[in-house]
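Structure first, then comments.
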2 protein chains.
Amino acid sequence: MTTSITREQIVHAADDLFYRRGFEHTSFTDIARAVEISKGNIYYHFKTMAEVLRAVIEARLQSKRDMLRRWEAEEPTARGRIERYIDIVTVNGPDIERYGCPVGTLTTELAKLAHPCRDEAVEILTLFRTWLRDQFVRLGQADDADELAMRVLSASQGIATLSNAYQDRAFVQREVADLRAWLRTLETVAHE
Amino acid sequence: MTTSITREQIVHAADDLFYRRGFEHTSFTDIARAVEISKGNIYYHFKTMAEVLRAVIEARLQSKRDMLRRWEAEEPTARGRIERYIDIVTVNGPDIERYGCPVGTLTTELAKLAHPCRDEAVEILTLFRTWLRDQFVRLGQADDADELAMRVLSASQGIATLSNAYQDRAFVQREVADLRAWLRTLETVAHE
DNA sequence: GACAGTCTAGGACGTCCGTCCTAGACTTCG
DNA sequence: CGAAGTCTAGGACGGACGTCCTAGACTGTC
């Protein structure tokens with residue numbers, strides 16, 4: 001794996017533009033301008049736009065894996081870790097209000113385009129899904145772990161979509177609080 | 001308001017294409033081919049692509065208003081009406097699996113594009129929001145009506161997003177059942 | 001200093017886009 | 001019949017796109 005600085009800058013700029021403006025609305029020229037290099041330079045590192053996208057997805061996967069590992073180091077309890085995930089919508093609130101969830105919006109866009117990289121984009125969602133599932137197992141919910149993980153994913157996606165539509169912080173706060181309360185309810189039941 | 005047949009066909013085809021392929025991925029040529037007319041013909045009815053989009057949003061608003069009115073005629077109870085909304089994700093299951101929620105995906109896409117019509121697209125969501133709010137008021141939940149409406153909207157958007165990502169019918173069924181159960185809980189509380 | 005390998009700039013290419021123009025066909029009605 | 005208004009086809013236009021090519025600058029090694 002090459003670790004050219006230019007290559008990394010391209011991926012970083014593309015990542016940002018795909019998120020803020022959407023994959024389809026981002027051109028080679030846009031990326032070149034963001035990195036302040038020539039279009040031909042990008043072509044040296046990536047033969048096609050799909051290759052750039054693949055590299056961006058790979059980078060996102062890696063960054064999310066690192067984040068989850070960090071959370072596991074910082075949060076001793078499974079509940080604390082799940083709460084970390086739930087809190088994303090408030091921690092990244094301003095970005096989500098403007099551009100939506102980076103994971104959800106990309107997979108939705110690629111689905112409509114029937115893009116070859118669609119499944120790779122879904123992998124990012126699956127990364128969170130399996131991680132959340134593990135946490136629920138540790139919470140003593142082995143039987144329903146995947147169902148509960150999907151519930152959390154689903155709730156987050158819904159909150160992100162409406163946050164993006166209405167920019168209503170009170171709504172996000174309320175939903176996050178309710179999700180946390182629901183999580184505590186689960187734990188109580190498990191201890192019985 | 002003109003009611004030209006050609007105009008209506010253009011709006012209908014554009015509506016379909018915007019949903020299935022996305023607004024940005026749909027060109028004048030695509031629409032012309034779908035209706036089997038010339039590109040210049042479209043221009044006679046709509047001066048710009050934004051005008052087509054505006055007409056599509058207007059048509060969707062009208063069609064949703066009609067749908068809600070139909071529901072009110074068919075369902076005598078507020079709970080039945082809300083359940084009708086919740087059931088959308090199963091009734092339109094196949095489409096949502098492939099293309100996502102028509103309302104959510106459009107508003108998200110227009111938000112990224114910072115498109116002038118973004119607010120008009122959000123209006124469709126608001127139509128459901130206020131309608132749901134009214135139903136919750138009738139359910140005896142006047143104090144929390146808007147919060148509950150947002151909860152239902154949020155849940156639906158989340159389910160639609162994950163249904164689109166994983167094409168998992170069992171997940172959708174389960175979430176719908178849980179939402180219905182939650183709704184009954186609300187009613188019981190209200191009657192106490 | 002010569003050379004090979006790596007990286008970069010700049011622009012050519014064919015294609016498709018949104019928009020706009022023009023010429024003509026069709027309808028309506030005096 | 002003929003004139004006015006409505007609708008349609010087809011293509012011109014300037015620009016932006018993804019892709020690709022070429023020439024040269026840079027770096028390290030002998």
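Computed from a prediction, not measured in an experiment: that's the story for all the values here. Throughout, protein chains are lettered first and strands after them, A, B, ... in sequence-line order, and every chain is numbered starting at 1.
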Contact under 4.0 Å: B/Ser4 side-chain N or O vs D/dC7 OP1/OP2:
no
Closest to the 5' end of DNA chain D, once A/Lys47 and B/Tyr44 are matched to their nearest nucleotides, is B/Tyr44
| query | Does the side chain of B/Ser38 get closer than 4.0 angstrom to OP1 or OP2 of D/dT8 through an N or O atom? | reply | no
note: B/Arg7, atom CZ; D/dT8, atom P; distance rounded to Å ~ 13 Å
Rounded to whole Å, NZ of A/Lys39 lies from P of D/dC20 at a distance of 12 Å
Below 6.0 angstrom between ring centroids: does that apply to A/Phe23 and A/His115? yes
Rounded to whole Å, CD1 of A/Ile42 lies from C1' of C/dG10 at a distance of 13 Å
Would you say CD of B/Glu36 has more than 12 non-hydrogen atoms from neighbouring residues, nucleotides or ligands within 6.0 angstrom? no
Of the listed C/dA9, D/dT19, C/dC21, the closest approach to the B/Tyr43 side chain comes from C/dC21
Ignoring hydrogens and angles, tell me if any N or O in the side chain of A/Ser4 forms a donor-acceptor pair with the backbone of A/Arg7 under 3.5 Å.
yes
If you count heavy atoms of other groups shown closer than 6.0 angstrom to CZ of B/Arg98, is the number above 12? no
Angle separating the five-pair end axes of the helix from C/dG1-D/dC30 to C/dG30-D/dC1, nearest 10°, is 10°
For A/Thr48 and D/dG18, is the shortest distance between a side-chain N/O and OP1 or OP2 below 4.0 Å?
no
note: B/Phe46, atom CZ; C/dC20, atom C1'; distance rounded to Å ~ 17 Å
- Phosphate oxygens OP1/OP2 of D/dT6: is one of them under 4.0 Å from a side-chain N or O of B/His45? no
Whichever of B/Glu36 and A/Thr29 has the more 5' nearest nucleotide on DNA chain D, that residue is B/Glu36
Discussion item. Distance alone, cut at 3.5 Å: any donor-acceptor contact between the side chains of A/Asp66 and A/Ser63?
Written reply: no
Here the distance between atom C1' of C/dC17 and atom NE2 of B/His25, to the nearest Å, is 13 Å
Here the distance between atom P of C/dG18 and atom CG of B/Leu17, to the nearest Å, is 12 Å
From the candidates C/dG18, D/dT8, D/dG18, the one with an atom nearest any side-chain atom of B/Asn41 is D/dT8
Here the distance between atom P of C/dT19 and atom CD1 of B/Ile31, to the nearest Å, is 11 Å
Taken to the nearest whole Å, CZ/B/Phe28 to C1'/D/dG14 is 16 Å
- prompt: Has the side chain of B/Lys112 got a donor or acceptor atom that lies under 3.5 Å from a matching backbone atom of A/Gly22?
  reply: no
**Request:** Report the C-alpha distance between B/Tyr85 and B/Phe128 in whole Å, list the side-chain angles of each, state the deciding distance to 0.1 Å, and finish with yes or no for ring-ring contact (aromatic ring centres under 6.0 Å, His included).
**Result:** CA-CA 9 Å; B/Tyr85 180 82; B/Phe128 286 112; 5.3 Å; yes
Taking only N and O in the side chain of A/Thr6, is any of them less than 4.0 Å away from OP1 or OP2 of C/dT8?
yes
